[in-house]
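What follows is a short report on a single structure.
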Amino acid sequence: MPIKPKVKDRGRYTSDINAIARQAANLLLLKPLVWRVTKVQVHGVENLSGVDGAYVITANHSSHLDTPLIFGSLPRRLSKYLSTGAAADYFFTTWWKAFTPVLFFNAFPVDRGKGRTRAGAPSHTHRGLAGSLLTDGIPLLIFAEGTRSRTGGMGTFKPGAAALAISRGVPVIPVALVGAFSAMPSQEGQSLPKGRPPVHVVYGHPMEPAPGEIAHEFSERIRRQIITLHDQTARAYGMPTQADLASERALGTTSDAATSAASDRSGHSQTPSISAGPAATDGSSKTPPDQPGPH
């Protein structure tokens, strides 16, 4: 049986009609599309058999496929009321931007400290909504990195998801997404995957904070567990581990720096009248703007 929110005072988030429409949209439209363009394997669903009531899912985040993969692979009893955050200053400025994330993912607005919603209210009016939804029994999907990785490697976790779980007394379900970045990188303008690349969704055992454990500590423990789930699966199927992705990132950065230095030397040799003084040295040492950094 689907998990029913305890209190029905959040409008569309708890609406049975909306939940039925959302599950139909995912089952008939989004999941068939994602499963058709990728070869999805789901692991660890049996670890969720004891989950009942509200919970927080957190996963590594590197692709536009991530949210559809989680919604499409969860048992329907757990996904029926699942809600995920979306940037209030972008998705909730107009009804047509909000329509898709609301229809497919029961999205709620997340403040990023700027902009206004479509109602014209300052974005900070949404602060506390995630906690209120959990209190009402609505499970949440939160990507703790805060943004998609541009390299496939996991960044640091913000402690918000862990803090919510601690304050509301709900478990955290760690999820590792393996191969999603290779299938559909996070760069803007990326087309749908071709050739049905393999993607794995790995569910770990629900986690709870240890006695006295603070949000930052719990968050880091969740992050390490997701890395473990990711790398165990990656090794089993011959795919890059997090260490491999970090190494590729380092090699890419070194290669870009060497290319930049070579370009500078070439430019200096072609224009000998231009001094290679401190200004030129500073320019050549800057990191290219498209290089990844900590999120």
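- Residues Ala176 and Asn60 approach most closely at CA-OD1, 3.4 Å, considering heavy atoms.
- Remark: side-chain polar atoms of Ser132 are paired, donor with acceptor, to backbone N or O of Gly128 under 3.5 angstrom.
- Cluster annotation: Phe104 and Ile20 are assigned to distinct hydrophobic clusters (Ile/Leu/Val/Met/Phe/Trp/Tyr, side-chain heavy-atom contacts under 4.5 Å, transitive).
- The backbone N or O of Arg148 lies less than 3.5 Å from a partner atom in the side chain of Arg150, making a donor-acceptor pair.
- Residues forming a side chain to side chain donor-acceptor pair (under 3.5 Å) with Asn18 (at least two apart in sequence, or on another chain): none.
- Residue Ala180 comes nearest to Leu65 through the heavy atom pair O-CD1, 4.2 Å, listed as atom of the first residue, atom of the second, then distance.
- A distance-only check finds a donor-acceptor pair linking the side chain of Thr93 to the backbone of Tyr90 [under 3.5 Å].
- Rounding to the nearest 0.5 Å gives a distance of 5.0 Å between OG1 of Thr58 and CZ of Phe157.
- Here the shortest heavy-atom pairing between Pro139 and Leu78 reads CG-O, 4.1 Å.
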Exercise for the section: Decide yes or no on side chain to side chain contact (heavy atoms under 4.5 Å, CB included) for Ile70 and Phe143, but give the supporting numbers first. Expected result: CA-CA 11 Å; Ile70 291 173; Phe143 292 106; 4.3 Å; yes
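- Looking only at side-chain heavy atoms (C-beta outward), Glu220 and Arg224 come within less than 4.5 Å of each other.
- Within the 4.5 Å cutoff, no side-chain heavy atoms of Asn106 are placed close to those of Phe108.
- The number of heavy-atom neighbours closer than 6.0 Å to CD1 of Ile17, taken from other residues, nucleotides and ligands shown, is 12 or below.
- When hydrophobic clusters are built by joining Ile, Leu, Val, Met, Phe, Trp and Tyr residues whose side-chain heavy atoms come closer than 4.5 Å, directly or via intermediates, Val172 is grouped together with Ile138.
- Of the inter-residue distances, the one linking His205 atom NE2 with Glu46 atom CD reads 7.5 Å to the nearest 0.5 angstrom.
- Within the 3.5 Å criterion, the main-chain N or O of Ala162 finds no donor-acceptor partner in the side chain of Ser219.
- Side-chain contact between Leu74 and Leu48 is present, with heavy atoms from C-beta onward closer than 4.5 Å.
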Handout entry: Evaluation steps, side chain to side chain contact (heavy atoms under 4.5 Å, CB included), between Val102 and Phe92
Key = CA-CA 10 Å; Val102 168; Phe92 288 90; 4.0 Å; yes
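- Side-chain atoms of Asp231 never come within 3.5 Å of backbone atoms of Thr241 as a donor-acceptor pair (strictly under, hydrogens ignored).
- The two atoms that bring Ser15 and Tyr81 nearest to each other are O-CE2, 4.4 Å, heavy atoms only.
- The backbone N or O of Leu140 lies less than 3.5 Å from no partner atom in the side chain of Ser83, so there is not a single donor-acceptor pair.
- Geometric assessment of Lys31 against the ring of Phe71 yields a negative cation-pi assignment under the 6.0 Å and 45° thresholds.
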Exercise for the section: Would you sort out whether Tyr13 and Asp136 count as a side chain to side chain contact (heavy atoms under 4.5 Å, CB included), showing the intermediate values? Expected result: CA-CA 10 Å; Tyr13 301 104; Asp136 290 349; over 6 Å; no
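- Minimum heavy-atom separation, Leu103 to Arg22: O-CG, 3.0 Å.
- Checking side-chain atoms of Gln23 against main-chain N and O of Arg76 turns up a donor-acceptor pair under 3.5 Å.
- When hydrophobic clusters are built by joining Ile, Leu, Val, Met, Phe, Trp and Tyr residues whose side-chain heavy atoms come closer than 4.5 Å, directly or via intermediates, Phe105 is grouped together with Ile173.
- Nearest heavy atom pair, residue Arg221 against residue Pro209, reads NH2-CA, 3.7 Å.
- Taking OG of Ser247 as the reference point, atom CG of Leu245 lies at 9.5 Å (rounded to 0.5 Å).
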For residues 34-43, dump all side-chain donor-acceptor pairs below 3.5 Å to protein atoms at least two apart in sequence or in another chain.
| residue | atom | partner | partner atom | Å |
| --- | --- | --- | --- | --- |
| Thr38 | OG1 | Val34 | O | 2.7 |
| His43 | NE2 | His200 | ND1 | 2.9 |

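- No side-chain heavy atom of Gln232 sits less than 4.5 Å from a side-chain heavy atom of Val202.
- Checking side-chain atoms of Asp66 against main-chain N and O of Ser63 turns up a donor-acceptor pair under 3.5 Å.
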Practice task
Take Tyr203 and Val201 through the test side chain to side chain contact (heavy atoms under 4.5 Å, CB included) and record every step on the way to the result.
Solution key: CA-CA 7 Å; Tyr203 291 97; Val201 185; 3.7 Å; yes
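- A distance-only check finds a donor-acceptor pair linking the side chain of Thr233 to the backbone of Leu229 [under 3.5 Å].
- Atom-to-atom distance recorded for Glu208:CD and Ile166:CD1 is 11.0 Å, nearest 0.5 angstrom.
- There is a path of hydrophobic side-chain contacts, each under 4.5 Å, that joins Leu82 to Val45.
- Rounded to the nearest 0.5 Å, atoms CE (Met154) and CD1 (Ile227) are 4.5 Å apart.
- Taking hydrophobic clusters as Ile, Leu, Val, Met, Phe, Trp and Tyr residues chained together by side-chain heavy-atom distances below 4.5 Å, Leu27 does not share a cluster with Leu29.
- Taking the side chain as every heavy atom from C-beta outward, Phe91 and Val110 never approach each other to under 4.5 Å.
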